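Presented below is the structure to which this report refers.
Since the structure is predicted, the reported quantities are computational estimates derived from the model, not experimental observations.
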Amino acid sequence: MTMPLMRPPRKNPVLRTRQMNLPPGARGRVALGLTAAAAEGRFELQTCDDCGTVQYPPREVCHKCLSAAQRWRQQSGEGELLGSTTLHHSNDLFFRERLPWRLGLVHLDAGPTLMVHLHGEVGDAPQRVRVGARLDRAGQAVLIAFPNEGSPHMADDKMLREMTSDPKFRKVLVTDGKTETGQAIVRALVKAGADIVWVGHAEPWKKMGDGLDDISALPQVTLVPLDLTNGRQVTELAGSIGGKVDIVINNAEVHRTFGIGARRGTDVAKAEMDINYFGLLRLAQEFGPALKGRSADGVTGATAWVNLLSIYALSNFPPHGTFSASKAAAHSLAQCLRAEMRPAGIRVINVFPGPIDDEWNQHTPPPKLAPAALANAIVKALRDGVEDVYPGDVAQEWLERWRDNPKVLERELAAGA
């Protein structure tokens, strides 16, 4: 049984902040299929289209019939633990700092036998376990064996916490608390055990209803002035709290309808880009270095950056054309941010929701995503350690059609589908 994580003591400011040592990150191109699935929370293995063999480790051809027709398919992960061992010595710097470390050998019901990391609640062999794929601090897929029935505090396991970004006891910045979505995110973080939640609000003279007052009454919440169009304000806030923030959730956005021909001028498109793209850029330039410097700062060190994008970033939705373009630009920038944050072990999570049930989608027919459901999806992504999240039925269908044929999806959207 996993012991619940206790609130860590306050850091001694005299002590030097440790620097991150990443686990081995080299993978061949074929093996990156396992990582691509783990980035979205799935455990997949190669399956031969000709003979049906499930194989591991990944190869260019089937080890049984030599067919090159290999397809990645999701697995249940059910299997039998054959044996286990505990490492008390390692030449790798990452593991030397985290010893002892348990490893096991699992025979999957699907056929292959895997070397895996063992969750602390997995006992001695033989016993039934469930294997899942997670991303390690280097952003590569690793395999972990979990017990079939775990305790309520499984997420507090020392090894598993290295692979995830659980907000428990961490300090979080939410960039916009004036929207219903932002307020739902704050409530979900508080429920998940966040220690402090700084909530940004621009133009404080605007009255936005009782939602902001309600969340500001929570003991974990502190309101901070934050307008992502104001570079000086972003810089000042980073100087004030940047060295304390463990997770940044950038949910600030400007969302307007219409595309190109239905609107005169470029003012609205500039406003969308100024928040949705340049706002992310300003935030990353100021808060990014601070997060990278604290990524190895104990069990509650800096760990994640979350970007609220849109499923419209994958393929332009003409009724929301300029908004789609701004989110596509932000998506590209977020990929750059992910590459720059990876050497420090900071996970960049991109969230691609379908239409949210808010004022800018009031003419969009159901199904629409409730703000609370979106907030829960973000917290789950942090706990599971994934990189890309597509919450809601519309986002899931859109993603499936985009992966099947992006050009067909483009034509369908142009025709009003």
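- Taking a 6.0 Å sphere around CZ of R403, one finds it holds more than 12 heavy atoms contributed by other residues, nucleotides or ligands.
- In the model, T47 has no side-chain atom that pairs as donor or acceptor with a side-chain atom of Q70 under 3.5 Å.
- Under the 3.5 Å distance criterion, the side-chain polar atoms of Q55 are matched with a main-chain donor or acceptor of H63.
- A donor-acceptor pair is defined here as one N or O able to donate and one able to accept, closer than 3.5 Å; no such pair exists between the side chain of S67 and the backbone of D50.
- Listed for the S295 side chain is no donor-acceptor partner under 3.5 Å among the backbone atoms of A302.
- Side-chain N/O atoms of S90 and D92 include no donor and acceptor closer than 3.5 Å.
- One N or O on the side chain of N276 and one on the backbone of V254 form a donor-acceptor pair closer than 3.5 Å.
- Salt-bridge check for R137 with E162: passed, with a basic side-chain N closer than 4.0 Å to an acidic carboxylate O.
- By the 30° and 60° cut-offs, the orientation of the rings of F317 relative to H320 is parallel.
- Taking the six-membered ring where the residue is Trp, F146 and H119 present tilted rings, their angle falling between 30° and 60°.
- Electrostatic pairing of D195 and R7 counts as a salt bridge here, judged by a charged N lying under 4.0 Å from a carboxylate O.
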inquiry  = Evaluate Y312 against W398 for ring pair (Phe, Tyr, Trp, His ring centres under 6.0 Å), listing each step before the verdict.
reply    = CA-CA 9 Å; Y312 302 161; W398 194 304; 5.4 Å; yes
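- D274 and R282 are joined by a salt bridge, as a carboxylate oxygen and a charged side-chain nitrogen come within less than 4.0 angstrom of each other.
- Atom CH2 of W402 is surrounded by 12 or fewer heavy atoms from other residues, nucleotides or ligands within 6.0 Å.
- In this structure, a donor-acceptor pair under 3.5 Å is present between the side chains of N21 and E97.
- Note that R98 lies in the cation-pi zone of F94, set by a 6.0 Å cut-off to the ring centre and a 45° limit from the axis.
- No donor-acceptor distance shorter than 3.5 angstrom exists from the side chain of K292 to the backbone of I346, with no hydrogens or angles considered.
- For the pairing with S84, the side-chain contact (heavy atoms from CB on, under 4.5 Å) check across L105, L103, V122, L118 returns one residue only, L118.
- Using modelled atom types, one finds no donor on one side chain facing an acceptor on the other under 3.5 Å when comparing T303 with D246.
- Heavy-atom contacts from other residues, nucleotides or ligands closer than 6.0 Å to CZ of F258 number 12 or fewer.
- A salt bridge links D109 to R128: at least one charged side-chain nitrogen sits closer than 4.0 Å to a carboxylate oxygen.
- A salt bridge links R73 with D49; the closest basic N to acidic carboxylate O contact falls under 4.0 Å.
- Environment of CD in Q74: crowded, with over 12 heavy atoms of neighbouring residues, nucleotides or ligands closer than 6.0 Å.
- Without hydrogens or angle criteria, S332 side chain to A329 main chain gives no donor-acceptor distance under 3.5 Å.
- In summary, the side chains of W305 and N307 do present a donor paired with an acceptor at a separation below 3.5 Å, with no hydrogens or angles considered.
- The environment of K368 atom NZ is dense: over 12 non-hydrogen atoms of other residues, nucleotides or ligands sit within 6.0 angstrom.
- When only modelled atom types and interatomic distance are considered, E286 and T235 share a side-chain donor-acceptor pair under 3.5 Å.
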